[in-house]
Amino acid sequence: MADTPKEETQKPTVVIPKEDVEKAAKLVLDPGYVTKKDLPKMADLEWATALSDAVTKHFLNDDEDHDPYVYFEQFDFAGGDIDSIIFNMDIIKTRDAGLHKLSEALDENIIDNDVQQETY
């Protein structure tokens, strides 16, 4: 009896509108970061990850005048909230500084900062 191929399940590709990429790119340059406060869809991890990839591609392919070090990170906060930030490491120099910017932007309380700063 021949094996029948298993049906592949693929997640639909997340499409990030050009205007969202451009807005995020501008924010990455000034003030240096973007959060769900700026683009509410960033509350969804899959969307935020796709946005980060799109912003990185924007700077690699479409914006020859700027070359920021774009970094994407998620952090845990008191009460169980997990939020994302895309930031420019030329402006916000460390993950710890990114955590504090995200905390300030979303008015969240930081928990056990040492645990979140472990190197992966």
Side-chain angles (χ1 to χ4, degrees):
M1 181 192 283
D3 289 330
T4 56
K6 291 184 179 180
E7 205 173 295
E8 289 186 37
T9 56
Q10 292 182 334
K11 290 184 179 182
T13 302
V14 176
V15 177
I16 307 295
K18 182 178 180 179
E19 52 274 2
D20 288 345
V21 174
E22 290 173 354
K23 179 178 182 175
K26 286 179 184 176
L27 290 167
V28 163
L29 294 175
D30 183 33
Y33 63 95
V34 60
T35 71
K36 71 179 182 185
K37 190 171 182 180
D38 307 299
L39 291 166
K41 291 179 190 173
M42 280 188 66
D44 177 73
L45 174 59
E46 188 175 4
W47 198 90
T49 303
L51 176 64
S52 177
D53 292 342
V55 168
T56 298
K57 287 177 187 172
H58 168 83
F59 287 117
L60 291 174
N61 301 324
D62 302 329
D63 186 344
E64 296 177 10
D65 296 331
H66 301 98
D67 187 24
Y69 179 8
V70 178
Y71 194 81
F72 172 77
E73 187 68 65
Q74 282 202 301
F75 293 107
D76 298 322
F77 293 98
D81 291 339
I82 301 173
D83 287 298
S84 302
I85 185 170
I86 301 169
F87 62 99
N88 180 346
M89 289 195 87
D90 296 328
I91 296 172
I92 301 170
K93 304 286 186 182
T94 65
R95 289 179 65 237
D96 188 57
L99 168 64
H100 283 84
K101 277 291 180 199
L102 183 59
S103 171
E104 290 169 19
L106 302 181
D107 196 29
E108 291 279 4
N109 293 318
I110 296 171
I111 56 169
D112 197 357
N113 192 17
D114 292 337
V115 172
Q116 294 195 57
Q117 297 309 309
E118 291 179 8
T119 306
Y120 295 96

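Position 1 is the first residue of the sequence; numbering continues from there. Just so it is clear, the model here is predicted, and its values are computed rather than measured. All values below come from the heavy atoms of this structure, side chains included, with hydrogens, waters and symmetry mates left out.
The pair Asp83-Lys36 counts as a salt bridge, with a side-chain nitrogen and a carboxylate oxygen less than 4.0 angstrom apart.
Note that CG of Leu106 is 9.0 Å distant from CG of Asp81, once rounded to the nearest 0.5 Å. Atoms NZ and NE2, on Lys26 and His66 in that order, are 11.0 Å from each other to the nearest 0.5 Å. To the nearest 0.5 Å, atoms CD (Glu22) and CD1 (Ile16) are separated by 13.0 Å. Here the CD atom belonging to Gln74 is positioned 8.0 Å from the CG atom belonging to Asp76, to the nearest 0.5 angstrom. Atoms CG and NZ, on Leu99 and Lys101 in that order, are 12.0 Å from each other to the nearest 0.5 Å. One finds the NZ atom of Lys23 at 10.5 Å from the CD atom of Glu19 (value rounded to the nearest 0.5 Å).
Counting heavy atoms from C-beta on, the side chains of Ile86 and Met42 come closer than 4.5 Å. The closest side-chain heavy-atom distance from Asp20 to Trp47 is below 4.5 Å. By the 4.5 Å heavy-atom criterion applied to side chains, Phe77 and Asp107 are not counted as neighbours. For the pair Asp38/Thr35, a side-chain contact is recorded, criterion being any heavy-atom separation below 4.5 Å from C-beta on. Pro17 places none of its side-chain heavy atoms less than 4.5 Å from the side chain of Val21.
In this structure, Phe75 and Arg95 approach most closely via the heavy-atom pair CZ-O, 3.5 Å. Shown here for Gly32 and Ile91, the closest heavy-atom pair between the two residues is CA-CD1, 3.8 Å. Smallest separation of non-hydrogen atoms from Leu29 and Pro68: CD2-CG, 4.2 Å. Across Val55 and Ala24, no two heavy atoms sit closer than the pair CG2-CB, 3.6 Å. Annotation for Ser84 and Leu102: closest pair O-CD1, 3.5 Å, computed over non-hydrogen atoms. Closest approach of Met89 to Thr94, counting heavy atoms only: CE-CA, 4.0 Å.
A donor-acceptor distance shorter than 3.5 angstrom exists from the side chain of Asp90 to the backbone of Tyr69, with no hydrogens or angles considered. Counting only distance, with no hydrogens or angles, the side chain of Ser52 and the backbone of Ala48 share no donor-acceptor pair below 3.5 Å. A side-chain donor-acceptor contact under 3.5 Å links Asn88 to the backbone of Val28.
Contacts of Phe59 classified as ring-ring contact (aromatic ring centres under 6.0 Å, His included), with partners at least two apart in sequence or in another chain: none.
Judged purely by distance below 3.5 Å, without hydrogens or angles, the side chains of Glu108 and Ser103 never pair a donor atom with an acceptor atom.
A continuous path of ILVMFWY side-chain contacts below 4.5 Å connects Leu45 to Val70, so both sit in one hydrophobic cluster.
Within 6.0 Å of the CG atom in Asn61, the count of heavy atoms belonging to other residues, nucleotides or ligands exceeds 12.
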